[in-house]
Engineer: 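Quick one: this structure, given as structure tokens, is what I'll be asking you about.
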Amino acid sequence: IYEELAAELARKAASEKKAEADEEDDLLEKRKRSRLEVAEEDFRGLLAKKIRSPLEFNWKEITMVLDGEKLPELDEVDLETIFNEVKSEDLARRLDAF
């Protein structure tokens with residue numbers, strides 16, 4: 001009986017520990033996602049401030065225009081992806097206006 005009780009308590013403790021770890025992982029994921037969203041918003045703001053017409057530029061030209069600017073802490077692939085999204089959105093806006 002003692003062994004069964006000890007095993008049951010050990011299972012409960014392990015289950016609680018796993019639930020806590022899962023909750024902590026979820027919280028870290030939310031924080032990371034939030035930081036990425038803020039960084040993306042900051043970069044979009046910088047593009048809007050510095051680049052009037054994104055369709056007239058390619059990524060290499062953008063990197064030269066933004067040289068010396070404080071960029072968000074995203075890797076270059078993410079920055080280029082955001083720039084391409086901004087270009088696509090600008091194109092869609094122009095087509096809608098046409």
Side-chain angles (χ1 to χ4, degrees):
I1 293 177
Y2 175 76
E3 290 176 5
E4 289 176 15
L5 185 58
E8 181 64 28
L9 288 174
R11 279 192 296 275
K12 282 184 181 179
S15 177
E16 288 173 4
K17 199 172 203 178
K18 184 181 181 328
E20 287 176 13
D22 288 346
E23 188 176 314
E24 186 174 322
D25 287 346
D26 289 344
L27 182 60
L28 289 174
E29 184 64 29
K30 286 179 184 175
R31 285 182 184 155
K32 180 180 176 185
R33 215 174 316 130
S34 177
R35 281 193 303 270
L36 290 175
E37 289 169 359
V38 168
E40 179 177 347
E41 186 178 308
D42 289 348
F43 187 58
R44 283 176 173 270
L46 180 62
L47 287 173
K49 182 174 137 186
K50 295 287 184 180
I51 310 299
R52 290 192 183 264
S53 181
L55 291 173
E56 296 176 8
F57 295 90
N58 63 40
W59 176 244
K60 189 172 185 170
E61 293 168 329
I62 291 297
T63 58
M64 288 187 278
V65 169
L66 298 179
D67 189 38
E69 294 288 332
K70 184 174 181 338
L71 299 177
E73 292 184 17
L74 295 169
D75 62 29
E76 187 167 348
V77 172
D78 290 333
L79 293 173
E80 184 176 3
T81 300
I82 294 166
F83 169 69
N84 288 331
E85 289 172 358
V86 167
K87 266 179 91 166
S88 295
E89 292 163 5
D90 188 40
L91 177 61
R93 242 187 330 272
R94 288 179 183 211
L95 289 174
D96 286 344
F98 183 67

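Positions are given from 1, in the same order as the sequence printed here.
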Engineer: Look at the side chain of Ser34 and the backbone N and O of Lys30, then say whether any donor-acceptor pair between them is shorter than 3.5 Å.
Structural biologist: no
Engineer: Which heavy atom of Phe43 sits nearest a heavy atom of Leu71, and at what distance?
Structural biologist: CE1-CD2, 3.9 Å
Engineer: Other residues, nucleotides and ligands only: do more than 12 of their heavy atoms fall within 6.0 Å of CD on Glu85?
Structural biologist: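 Yes, enclosed.
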Engineer: Using side chain to side chain contact (heavy atoms under 4.5 Å, CB included), reason through Leu47 and Leu66 one step at a time and then give a plain yes or no.
Structural biologist: CA-CA 9 Å; Leu47 287 173; Leu66 298 179; 4.0 Å; yes
Engineer: Can you tell which of Glu23, Glu29, Arg31 makes a side-chain contact (heavy atoms from CB on, under 4.5 Å) with Leu27?
Structural biologist: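 When side-chain contact (heavy atoms from CB on, under 4.5 Å) is applied between Leu27 and each of Glu23, Glu29, Arg31, only Arg31 qualifies.
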Engineer: I'd like to know if Leu95 and Leu55 are part of one continuous hydrophobic network [Ile/Leu/Val/Met/Phe/Trp/Tyr, side-chain heavy atoms within less than 4.5 Å].
Structural biologist: yes
Engineer: May I have the step-by-step check of side chain to side chain contact (heavy atoms under 4.5 Å, CB included) for Glu76 and Thr63, ending in yes or no?
Structural biologist: CA-CA 10 Å; Glu76 187 167 348; Thr63 58; 4.2 Å; yes
Engineer: Passes side chain to side chain contact (heavy atoms under 4.5 Å, CB included), Glu37 versus Arg33? Steps please.
Structural biologist: CA-CA 6 Å; Glu37 289 169 359; Arg33 215 174 316 130; 4.1 Å; yes
Engineer: Rounded to the nearest 0.5 Å, what separation is found between the CG atom of Asp75 and the CD atom of Glu80?
Structural biologist: 10.5 Å
Engineer: Are Ile82 and Val65 connected in the hydrophobic side-chain network, where two residues link if heavy atoms are under 4.5 Å apart?
Structural biologist: yes
Engineer: Stepwise, does the side chain to side chain contact (heavy atoms under 4.5 Å, CB included) test hold for Glu24 with Glu20?
Structural biologist: CA-CA 6 Å; Glu24 186 174 322; Glu20 287 176 13; over 6 Å; no
Engineer: Which value, rounded to the nearest 0.5 Å, describes the distance between Lys17 atom NZ and Asp22 atom CG?
Structural biologist: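 The distance works out to 13.0 Å.
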Engineer: Short question: side chain of Lys87, backbone of Phe57 - any donor-acceptor pair under 3.5 Å?
Structural biologist: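 Yes.
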Engineer: Leu46 versus Ile51: any side-chain heavy-atom pair under 4.5 Å?
Structural biologist: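 Answer no - side chains too far apart.
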Engineer: State yes or no: do Val86 and Trp59 share one hydrophobic cluster built from I, L, V, M, F, W and Y residues joined by side-chain heavy-atom distances below 4.5 Å, directly or via other members?
Structural biologist: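 In one cluster: yes.
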Engineer: What's the separation between atom CG in Leu36 and atom CD in Glu41, rounded to the nearest 0.5 Å?
Structural biologist: 12.5 Å
Engineer: Below 4.0 angstrom, N of the basic side chain to O of the carboxylate: do Arg11 and Glu8 qualify?
Structural biologist: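 Answer for the salt bridge query: yes.
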Engineer: Check whether any side-chain heavy atom of Ser53 lies under 4.5 Å from a side-chain heavy atom of Arg94, and answer yes or no.
Structural biologist: yes
Engineer: Under the salt bridge (Lys or Arg N to Asp or Glu O under 4.0 Å) rule, collect the residues that match up with Lys49, sequence neighbours excluded.
Structural biologist: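 Applying salt bridge (Lys or Arg N to Asp or Glu O under 4.0 Å) to Lys49 gives none.
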Engineer: Is Glu40 salt-bridged to Arg44, going by a charged N under 4.0 Å from an acidic O?
Structural biologist: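 The answer is yes: the pair qualifies as a salt bridge.
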Engineer: Closest approach of Ala39 and Pro72, non-hydrogen atoms and distance?
Structural biologist: O-CG, 3.3 Å
Engineer: Between Arg93 and Asp90, does any NZ, NE, NH1 or NH2 come within less than 4.0 Å of an OD or OE carboxylate oxygen?
Structural biologist: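 Result for this pair is yes, salt bridge flagged.
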Engineer: Decide if atom CD of Glu69 counts as having more than 12 heavy atoms of other residues, nucleotides or ligands within a radius under 6.0 Å.
Structural biologist: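 More than 12 heavy atoms, drawn from other residues, nucleotides or ligands, come within 6.0 Å of this atom.
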Engineer: Establish whether Leu91 and Ile62 are linked, either directly or via other cluster members, by ILVMFWY side-chain heavy-atom contacts under 4.5 Å.
Structural biologist: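 Different clusters: Leu91 never reaches Ile62 through Ile, Leu, Val, Met, Phe, Trp or Tyr contacts under 4.5 Å.
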